[in-house]
*Asks:* 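I have a structure here, written as structure tokens, and I will follow up with some questions on it.
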Amino acid sequence: MSVLAPYAAHPEHTQGRQHPEAAPEGRNEFQRDRDRIIHSTAFRRLEYKTQVFVNHEGDLFRTRLTHSIEVAQIGRSIARNLALHEDLVEAIALAHDLGHTPFGHAGQDALNECMREHGGFEHNLQSLRVVDFLEQRYAEFDGLNLTFEVREGILKHCSMQNARQLGQIGERFLDKRQPSLEAQVANLADEIAYNNHDVDDGLRSGLITLEQLARISIFSRHLFEVRARYPKLEGRRLIHETVRRMINSQVCDLCAQSGKNIVAANPADLAEVRRAGTLIAFSAEMQQEQLELKQFLRQHLYRHYRVKRMSSKAQRIIRELFAAFHADPLLMPDEFQTRAREEPARAVADYIAGMTDRYAIREYRRLFTVDELPL
Ligand code: MG
């Protein structure tokens, strides 16, 4: 790792872990967190969780796992450029979606609806719950016992009501303070990753077309450049050459603008970063282009009737699983039954949120299909 900026998060100055542990040997605190995340069960489940396209729709679409790896890659590039701590950005990126339900946003919305009377369901908070409580691997504590800096990066958003119940990790939402620059980088790396891979997956699926995207300024600018340089190029290579230029231009813009913001705010250390405004940001022009692209994707991809059909089916699965388990917790595996004695709805939400797409489909069949063995 190159020299860290004074305003970066320095692992030797971490605000620590909930359960004190000896310092790691041969790696820093954030590397240890990254390694714990990679070895977690929740991380392996990401392989079979939907990003936009449900897992069985095709082998080449992004899943939550490949999405998280792309976020980590983009985040590390930005961190190195700005002399921030790469391992911290990587740890946050790899953990940021650990609490996601099966079936992407459709699943999250359905579970939130089911939990309305029981405190709601929010995937950022669930990611924190996974690393704080739900993983069971260590003799001395529940969860992964990660550093404060990784945990605050995972908790991107939070309602005021939840913030008040979370102690130290919720304080910044109440005091309107910022997280580390590394957390801010991971957040925008997420945005760069999904906007671009959704363009790529959207084109691959045939639900959106090059002709439609050519009307979107950031895409058309790079498409024009690629076509001017390689007039005979077509198909997948044309798309890849365009998308890779989009990613690069967004990363470069973000680094340039954030560099300027940091110089202007001139934070001496991480404490001053927390008191400053958001410093990791796109330029106003790039922000506008990102918005245009997002709106396009929302309208033409996420609301495409074929995506909607899958979402509607997914929501029905989640709702019906929730209703069945909530009405009779004895239908759940033993460990969730035990937890359901104290907080029945939350135990059901934890069980469902932990399911992969195909596991949820299988559970649905086991519970509701007459000729399926109920194992
Ligand atoms: Mg994400």
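Positions are given from 1 along the sequence. Numbering of ligands and ligand atoms starts at 1, following listing order.
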*Asks:* Nearest to the Mg ion (ligand 1), which N, O or S atom of Asp97 do we find?
*Replies:* OD2
*Asks:* May I ask you to check whether His67 brings an N, O or S atom to under 2.8 Å from the Mg ion (ligand 1)?
*Replies:*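 His67 does place an N, O or S atom closer than 2.8 Å to the Mg ion (ligand 1).
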*Asks:* For the residue pair Arg366 and Tyr359, would you count it as a cation-pi contact if the rule is NZ or CZ under 6.0 angstrom from the ring centre and within 45 degrees of the ring axis?
*Replies:*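 Positive - Arg366 is close enough to the ring of Tyr359 and near enough to its axis.
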*Asks:* Go through it in stages, so that I can follow the logic: the residues are His85 and His10, the test is ring-ring contact (aromatic ring centres under 6.0 Å, His included), and I'd like the CA-CA distance, side-chain angles, deciding distance and then a yes or no.
*Replies:* CA-CA 7 Å; His85 206 291; His10 292 246; 7.8 Å; no
*Asks:* Under 4.5 Å between any side-chain heavy atoms of His123 and Thr101, yes or no?
*Replies:*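 Side-chain contact under 4.5 Å: no.
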*Asks:* Take the Mg ion (ligand 1) as the vertex and measure to NE2 of His96 and OD1 of Asp190; round to 10°.
*Replies:*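 Answer comes to 90°, rounded to 10°.
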*Asks:* Check for me whether Arg36 meets the cation-pi criterion with Tyr138, that is, NZ or CZ under 6.0 Å from the six-membered ring centre and within 45 degrees of the ring axis.
*Replies:*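 Flagged: Arg36 positioned over aromatic ring of Tyr138.
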